[in-house]
Amino acid sequence: MQIRANYCWLVMHILLALGLPCFSQESIDYEDYFQKESLRFELFLVGNKTELKVVPGQVVQEPTWPGPRNHLVFPFAYGKNAVRVYDQATEKLIYSFGFDTLYSEYATTPPAAQGRLKTFPVSVRIPKPKSRFRIEFLARQKDNTWETIWSESLKPSDKNIRRESIDFGDAVFELQRTGEPSERLDVVFLAEGYAESEKEKFQSDAQRMTQYMFEHEPFRRHRSKFNVSAVFKASTESGVDEPDQRRYRNTILGASFNTLDIDRYLLTDQGHRLKEYAAQVAYDTVVVLVNSKRYGGGAICLDYCVSTVDDPRSEAVFLHEFAHSIAYLADEYIGSVTYSDIYPEGIEPVEPNITRELDPEKIKWKGLLAQGVPMPTPREYKDDRQDRRLLVGAYEGGGYLKTGMYRPSRNCAMGDGLDPFRFCRVCELAIEKVIQYYAPDIAQ
Ligand SMILES: [Zn+2]
């Protein structure tokens, strides 16, 4: 039995090293390895195109672990970065998770190529181990293999782990609660750029976004698998930074347009404060609502997303960014983004909704391909279906690239299909798999 178990772990390590999806052969019992709390590691990523350093900051204890307890090893190949936790005594991998950071986008920009170093504060949360453990921070290389950038061994009883209250006394609104956080996908909305007098506006904006989400598939049919809450912290000034307009506002998360010099790209550079703010409720994923009328938003996949609230398209932008953020979906449009090399040539992207593969036997969405569909699929292609969005093929153009990259459907909410808002079948399925990861089918 021991040999078989070791063999399984070996296979899993090979899969992990290759960046392939890994469905662990051996499940890890939460109670065997973890306590009820979680640990948040505040890290600083410092890098340019060719170098990346991780500098550790403080470690903060949070009172609960709201993440999944039965998929402790991340079952997806997603993320340009990953965290892995090993039980020190047995060297067993007991937790992993893949995610993106703004650093990996920055690394593809001209200033990074010229060698300019930039710092990105990133918080990584893990369930709190029972015994001495090693935490590793990994970065995916161009060929999709992993490199460990930083690792540290720690005792859970270490006196430097900060154990003070994480409650700042901010107003918390529960918008929907259907069950225990460890068995649900827990979404938290955070207020950004709302003045003290705009608390009610924030509450109604968060409600409006929640309602929009549950009006659209696949969220509508899985509504009972979500808990949704909102946290309000007042900003000194109302609005958001718009550097291209020379307009600046003193706000709680310092969110700003013109991220990486892209017009509509709206993110925060306060990665540590973001998670400190969110930790006042049990959450799996963070949505920052920015009090602005301007069109814009952004997402750091499997970390957080941002959307403004008062543009006529804000609800659609929110749901598009949210889908990036939870399901590691790529943009299906051909972009005007200035950075290059996001999807290196000749390398199959790990995102579930774009591919370089045209072989119907090998394409990642082969199970959903329309029968007899030509590959690549011409834009004008029709079969007898009423709704052409249900027709899955391989349409050229996606992931900001005009050629050599293919998307599953002619229109999708991850591409130009924001109005009416509808995901293609491939994106729907990818979202459902992630919902399933956080909230496995349980008797309702
Ligand atoms: Zn799609």
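Start at 1 and go down the list; that is how both ligands and their atoms are numbered.
Although no hydrogens or angles enter the test, the distance criterion places no donor-acceptor pair under 3.5 Å between the side chain of Gln176 and the main chain of Ser229. Remark: the backbone N or O of Asp310 is not paired with any side-chain donor or acceptor of Thr308 at under 3.5 angstrom.
The CD1 atom of Ile28 sits 7.0 Å away from atom OH of Tyr33, with the distance rounded to the nearest 0.5 Å.
A cation-pi contact links Arg125 to Tyr283, judged by a cut-off of 6.0 Å to the six-membered ring centre and 45° from its axis.
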### Task
Might you work through the side chain to side chain contact (heavy atoms under 4.5 Å, CB included) test for Val287 and Phe318, ending with a clear yes or no?
CA-CA 8 Å; Val287 181; Phe318 147 69; 3.8 Å; yes
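Under the side-chain contact (heavy atoms from CB on, under 4.5 Å) criterion, Lys199 pairs with Ala171, Phe173, Glu196, Phe232, not counting sequence neighbours.
Protein N/O/S atoms closer to the Zn ion (ligand 1) than 2.8 Å number 4 in this structure.
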